[in-house]
Structures are given as structure tokens and as C-alpha cells.
Amino acid sequence: MKPALRTLALATAFAMLAGCASQRPSNNLVDINLVALNDLHGHLEAGKFTYNGGLFGKQTTVKAGGIDTIAAALQEWRKEDRELLLVGAGDMIGASPAISSMWADEPTIGALNMLGLKATSVGNHEFDAGRIELLRQQKGGCNSPRPDKACKFSAAYEGAKFNYLAANVIDVVTRKPILPAYEIVEAHGVKVGLIGAVLKDTPSVVLASGIAGLTFEDEAQSINRLLPELKAQGVGVFVVLIHQGGHTESSFDKQDCKDLKGEIVDVVKRLDPAIRLVVSGHSHKGYLCRVDGKLVTQAEMGGHMLSRIKLTVDKASNTVRSVSARNVVMQPNWYRSVPQVDAYLKKVKQRSEQELARPVARLGAATISRERHGGDESALGNLVADATLLSGRPFGAQIAFMNIGGVRANLESNAAGFATVGHAQAVLPFGNTLTVMNMTGAQIKTLLEQQWVGDKVQSRGLLQLSAGFTYQWDPQQPEGSRVVPGSVMLHGVPLEDGASYRVAANAFIAAGGDAFPEFAKGTNRVNTAVRDIDSLTAYLIKCEQDRKPAGSVTAQEPRIQRLK
């Protein structure tokens with residue numbers, strides 16, 4: 001089928017299934033059409049996407065996403081409804097591929113401007129570079145804490161044309177949100193209140209220094225208290241954009257799933273009944289679930305899919321009659337291209353390719369994986385910990401830790417077997433510096449026990465360890481007693497509770513991030529000013545110089561041993 005005919009067939013099929021294109025001329029009913037995007041994370045290009053779903057529920061792997069594909073889809077859908085609203089649920093930027101992160105994510109903000117994004121909640125990753133940088137990215141300008149990246153893609157940065165919304169991010173001095181709590185938009189004569197919020201636990205997943213002076217308040221309470229103010233302005237239709245999510249066993253395209261779990265469920269249950277639609281993010285899952293009469297959507301991550309949502313509104317009573325949605329996988333060439341966006345993406349790629357293609361060091365394997373494959377250790381996680389230790393040694397480091405959530409992609413090699421600058425930046429896109437501190441043996445054991453507090457281990461995994469540091473743990477023991485006594489060793493010698501050891505880690509976890517408060521108790525702290533990406537590349541170069549390219553040793557003694 002030709003692309004144009006396929007586009008027409010898809011649009012027609014969707015109209016039959018969801019009725020999104022129809023505007024009802026009678027009975028005071030009107031359809032408000034939205035498209036929702038979450039957790040783009042600066043993925044400007046299409047990537048591989050594997051999902052379970054469709055008519056037969058089979059596993060399918062496709063190429064999906066890319067701002068060119070998203071723009072093409074939006075162009076077609078706006079032909080059906082010129083007043084369609086594009087909204088987001090946070091993490092549009094941060095933890096981004098090098099093509100975006102190397103330019104302080106300014107190309108992604110520019111792309112979202114071109115796509116016509118109306119508003120998005122902030123996500124935790126919008127705070128990766130701190131409050132000052134987030135406000136700059138919203139408002140524009142070049143006065144940045146990242147002068148090596150800001151305004152390097154373009155001499156002038158004009159900022160986001162859409163609003164970041166943050167109802168529950170409060171300045172402790174002014175007691176007001178640092179960004180707008182909501183935005184009122186109008187479609188088909190109906191005022192729609194877009195309310196934004198981010199998970200209240202954001203302080204546990206971002207660098208503490210970047211959010212100094214801010215509090216992150218309860219999501220549901222912060223949203224509910226805005227409704228009287230919005231109603232006073234004539235708003236009866238409310239859409240919550242929240243960077244908090246859940247998980248489900250249902251496929252991404254299952255209508256009205258009933259098995260949504262996770263922290264988003266409690267938030268939704270406490271929202272005012274007048275709120276009928278919650279657009280969520282953060283958990284990188286695709287779902288269309290019902291919770292207490294509210295539709296809760298999420299569109300995976302990286303632009304791999306978009307949520308098409310329809311609100312049927314009674315204009316006479318200014319209330320929502322019904323809400324429905326579909327998640328649509330963004331496969332290239334399904335829609336006619338948008339030349340302006342294609343040209344923009346080409347420009348970004350050309351500006352980036354020369355630097356990103358520069359070889360760093362030869363690898364001993366085509367790919368060094370970040371996946372743990374059911375175990376506790378990741379080959380790449382251990383490698384990054386080893387790199388951290390190497391860079392920390394001039395400051396006395398004996399042990400290094402790495403949070404696996406900070407390793408964002410596998411380390412790949414090019415056709416010649418070399419890891420490039422782009423490959424390395426994809427692994428560590430945050431630009432954290434490394435910290436070295438003193439911790440006692442007792443503190444280190446407490447730190448290890450903190451890995452299993454609550455259900456955090458399910459989402460973040462265990463800390464990755466540098467070579468020479470080992471321990472055993474017993475899953476049958478209660479929380480707080482899982483590390484096997486006497487098993488915590490450095491080069492085969494048990495750690496002494498009262499002895500002091502020099503520990504290296506990235507600044508995020510060193511400040512207690514990822515819910516590891518014991519790190520924050522370390523003493524004699526030194527900010528090395530060494531960036532994690534520079535640490536990684538230096539380590540890869542050393543491995544090659546030592547004629548032991550990273551990845552060449554496949555079988556290693558376990559650093560973490562789980563008792564059966």
C-alpha cells in the first residue's frame with residue numbers, strides 16, 4: 001500500500017474506532033482531541049522498539065519514534081482537528097542521547113517548539129542540571145551553569161515556546177510554585193485546564209544541590225487545591241499532566257485496563273472526581289487504564305508512541321461526558337513528511353556527527369551490556385564503577401560505587417571496533433562529577449543494607465561495585481539484615497566496622513540520591529571536578545593501552561553473591 005493510502009486507511013480506521021475526528025454539531029456535545037507525549041528524553045531520532053500488543057498480542061520489534069515521524073503524524077491528525085492539543089508529562093529532556101545532551105538539550109526544546117507542544121509537566125530529569133538551568137531552558141538566554149554546552153548549537157537560545165507546569169514544586173521563601181501550576185487553553189469553544197505536577201519523591205532522584213530551596217509537595221493535594229481557582233475562570237474540563245507512573249501486565253493498547261499498580265494509583269484515587277483524565281509518565285510503560293472512573297494514560301518513552309485522547313464535553317454544563325484513548329506506535333513512513341522538521345533534524349545530526357564519531361578506544365566486544373539479565377550485576381555497571389575508582393585513586397579512593405540507573409545505554413562500538421564519543425555519552429549523559437569521601441566499615445555495611453529498603457530495589461537495582469570489593473547477601477533474611485556477616489571484603493580482607501575507607505561515587509548518589517542517605521554522612525569529602533564521562537573515556541583508553549580492551553574478559557568472579 002502506498003504511504004498516502006496507508007495514511008488514509010489508518011486515519012479512517014482510527015476515526016471509526018475512537019471517533020476522534022468527529023465534531024458533534026448538536027446536543028451541545030463537542031470532542032476535544034489531545035495527543036500526549038511523555039519521557040522523550042531528547043530522543044530526536046528513531047530507535048528500536050520492542051512491544052507486545054496488537055490484534056494477536058505477539059512480540060514485535062520495529063523502528064519507532066523520531067521528531068520527524070512525530071511531526072508527520074501530528075500533521076495528519078491536525079487535518080482532522082485543527083484545534084488538537086499536544087501535551088506532555090515530563091522528562092522531555094535529561095538523560096538524553098548525545099545528539100541532544102551535548103548541546104544542553106537545546107535542540108530538543110527547539111523540536112518541541114516546532115511540534116507545537118502546548119504545555120508539559122516538569123519531570124525529575126528537567127532538574128538534572130539544577131533549578132537555574134531549568135528556568136533558562138524555559139525562558140531562554142545563555143547564562144548557564146553549563147557554559148561548555150549552552151548556546152553552542154545556536155548563538156542565541158530563545159527558550160521554550162510551551163510552558164513547563166509544576167503545581168507541587170514550591171520555593172521555600174516565596175511559598176509559590178517556581179513555574180506556572182497550570183495553563184488554560186481553549187479548543188472548540190471549551191476552556192481546558194492543564195495542571196502539571198511531578199513526583200513528590202523527586203529529591204531522592206536528583207542532585208540535592210540543584211534543587212536547594214525547593215520543596216516537592218503531595219501531588220494530589222497540590223492539584224486539588226487549584227480547582228476552585230480554575231472554576232472561577234470558567235474552566236470545567238481538567239487534564240492532569242503528571243510525571244509519576246505505574247506498571248501493568250496489560251499490553252500498551254489494551255482499552256480500560258484494570259490492573260494498574262504503582263504510586264500513580266494512590267495519587268489518582270485522591271484526585272477530585274471532576275478530574276476525568278490523567279496523563280502520566282516516569283515509568284516508561286504504555287497503558288490505557290481506568291482508576292476510580294478516571295482514564296490514566298502513558299505512552300512508553302523516547303517518542304516510540306503517542307497517546308491519542310478524546311474528551312467528549314457537554315458545553316451546556318461545561319462537564320466531561322466521556323474519555324477514551326488509543327496508544328499509537330510511531331513507525332516512520334506511515335505519514336507524509338514535514339520538510340521543515342526533516343531539515344531541522346538533518347541539521348542537528350550534521351552538527352553533531354563529527355564530534356560524536358570521534359573514536360575513544362577499541363573495545364573487546366561489540367557491545368558491553370547494562371542489562372543484569374536476572375542477576376545483580378551488570379558488566380557495564382561494573383565497568384563504570386572501575387572507571388570511577390581509577391579516577392578517584394589520586395584522591396585516595398579504595399572502593400567505588402555506581403547506581404545502575406545512571407547507566408542509560410549499552411556501550412557500543414563502531415564497525416572498526418571502537419567506542420566513540422557518542423557511544424560513551426549515551427552511557428553517561430548526566431555530566432555528573434565524582435566525589436571521594438571517607439566512610440567507616442560500619443557505614444558501608446549500612447549503605448549496602450539500604451539497597452533493600454521498601455521496594456526501591458525493584459526499580460533501581462543494586463549498587464554496582466568496583467573490582468576487589470565483594471559481599472554476599474541472603475534474600476531469605478529480613479530487611480536490614482540481608483548482608484551476610486563477615487562477607488563484606490576489600491581485596492579478600494573483611495571490612496572493619498571502626499576503620500575508615502575512601503569511597504568514590506558520582507555526585508548524585510554521593511549526596512544521598514536514589515534513596516541512599518548513608519552516602520550523605522561521608523566525611524572529608526572532595527569534589528574531584530572529574531566528570532563521569534571523562535572518567536569513563538580515560539578508563540577505556542587505559543584498558544586499550546594495557547592491551548586488555550574493555551569487554552575482552554567475559555567471565556569474571558562475581559562481586560555480589562546472592563545466596564540461594
Side-chain angles (χ1 to χ4, degrees), residues 11 14-15 18-24 29-40 67 70-90 92 109 111-122 160-165 167 179-197 223 226 230 233-243 274-281 288 294-299 303 305-315 318-328 330 335 338 341:
F14 181 78
C20 278
S22 61
Q23 293 301 323
R24 306 182 184 189
L29 296 183
V30 64
D31 292 341
I32 307 298
N33 294 304
L34 302 96
V35 172
L37 173 69
N38 60 273
D39 297 273
L40 180 63
I67 59 168
I70 294 171
L74 289 169
Q75 176 179 251
E76 292 298 319
W77 298 342
R78 284 175 173 139
K79 289 178 182 178
E80 302 169 11
D81 183 356
R82 294 172 60 88
E83 298 186 47
L84 177 149
L85 303 173
L86 177 63
V87 297
M92 298 295 109
I109 300 292
L112 293 170
N113 288 341
M114 297 178 75
L115 295 176
L117 184 66
K118 287 288 185 184
T120 178
S121 68
V122 290
K161 295 179 181 178
F162 54 90
N163 273 333
Y164 272 112
L165 306 178
L179 291 163
Y182 63 82
E183 181 170 354
I184 299 174
V185 296
E186 190 167 319
H188 302 290
V190 175
K191 288 184 177 181
V192 180
L194 306 175
I195 306 171
I223 293 166
L226 295 171
L230 285 163
Q233 298 176 71
V235 177
V237 178
F238 310 99
V239 176
V240 169
L241 310 174
I242 183 169
H243 193 71
I275 296 169
R276 299 285 301 280
L277 172 63
V278 177
V279 177
S280 70
L288 306 163
K294 300 174 178 66
L295 180 62
V296 186
T297 70
Q298 189 175 156
M305 66 175 66
L306 298 177
S307 298
R308 295 194 70 181
I309 305 166
K310 182 183 70 173
L311 295 168
T312 299
V313 178
D314 186 335
K315 295 180 70 173
N318 199 20
T319 58
V320 176
R321 285 287 190 88
S322 65
V323 189
S324 60
R326 287 178 60 83
N327 278 333
V328 184
M330 288 289 97
Y335 308 94
V338 181
V341 177

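Please read all numbers here as calculations on a predicted model, not as lab measurements.
Shown here for Ala71 and Val341, the closest heavy-atom pair between the two residues is CB-CG2, 3.7 Å. Closest non-hydrogen pair, Asp39 versus Gly281, comes out as OD2-CA, 3.4 Å. Counting all heavy atoms, side chain and backbone alike, Tyr335 lies closest to Glu76 at CD2-CG, 3.5 Å. Residues Gly236 and Asn318 approach most closely at N-ND2, 3.2 Å, considering heavy atoms. Closest approach of Leu165 to Ala181, counting heavy atoms only: CB-O, 4.1 Å. Across Lys315 and Val190, no two heavy atoms sit closer than the pair CG-CG2, 3.9 Å.
The side chain to side chain donor-acceptor pair (under 3.5 Å) check on Arg321 picks up Asp314, with sequence neighbours excluded. In this structure, the side chain to side chain donor-acceptor pair (under 3.5 Å) partners of Glu183, at least two apart in sequence or on a different chain, are Asn163. Taking Tyr182 as the reference, nothing meets the ring-ring contact (aromatic ring centres under 6.0 Å, His included) condition, with sequence neighbours excluded.
Counting only heavy atoms from C-beta outward, the side chains of Val279 and Ile309 approach each other to under 4.5 Å. Two residues are said to be in side-chain contact when any heavy atoms from C-beta on lie closer than 4.5 Å; Leu112 and Thr120 fail this criterion. In this structure, the side chains of Val239 and Leu241 come closer than 4.5 Å at one or more pairs of heavy atoms. Side-chain contact between Val35 and Ile70 is absent, with no heavy-atom pair separated by less than 4.5 Å. Considering only heavy atoms from C-beta on, Leu86 comes within 4.5 Å of Arg78 through its side chain. Using a 4.5 Å heavy-atom threshold, the side chains of Asn33 and Lys310 count as touching. Side-chain contact between Leu117 and Leu37 is absent, with no heavy atoms from C-beta onward closer than 4.5 Å. Side-chain contact between Arg276 and Val237 is absent, with no heavy-atom pair separated by less than 4.5 Å.
In this structure, Ser322 OG and Asp31 CG are separated by 7.5 Å, a value rounded to the nearest 0.5 Å. Rounding to the nearest 0.5 angstrom, the gap separating the OG atom in Ser121 from the CG atom in Leu194 is 10.5 Å. Taken to the nearest 0.5 Å, the OH atom of Tyr164 stands 4.0 Å off from the CD1 atom of Ile109.
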May I have the step-by-step check of side chain to side chain contact (heavy atoms under 4.5 Å, CB included) for Leu306 and Trp77, ending in yes or no?
CA-CA 12 Å; Leu306 298 177; Trp77 298 342; 3.8 Å; yes
With side chain to side chain contact (heavy atoms under 4.5 Å, CB included) as the test, would you mind laying out the steps for His188 and Asp81 before giving the verdict?
CA-CA 10 Å; His188 302 290; Asp81 183 356; 2.9 Å; yes
Please report the C-alpha distance between Val323 and Lys294 in whole Å, then the side-chain angles of each, then the deciding distance to 0.1 Å, and finally whether the side chain to side chain contact (heavy atoms under 4.5 Å, CB included) criterion is met.
CA-CA 8 Å; Val323 189; Lys294 300 174 178 66; over 6 Å; no
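A donor-acceptor pair under 3.5 Å links the side-chain atoms of Lys191 to the main chain of Gln233, judged by distance alone. Judged purely by atom type and a 3.5 angstrom limit, Asn38 uses its side chain to pair as donor or acceptor with the backbone of Ala299. Listed for the Ser280 side chain is a donor-acceptor partner under 3.5 Å among the backbone atoms of Thr297.
Counted within 6.0 Å of NZ on Lys79, heavy atoms from surrounding residues, nucleotides or ligands total more than 12; the atom is thus considered enclosed.
Val320 pairs in a side chain to side chain contact (heavy atoms under 4.5 Å, CB included) with only one of the listed residues (Leu311, Thr312, Ile275), which is Leu311. Results of the side chain to side chain contact (heavy atoms under 4.5 Å, CB included) test with Leu84 over Leu34, Ile32, Leu74 single out Leu74 as the only residue that passes.
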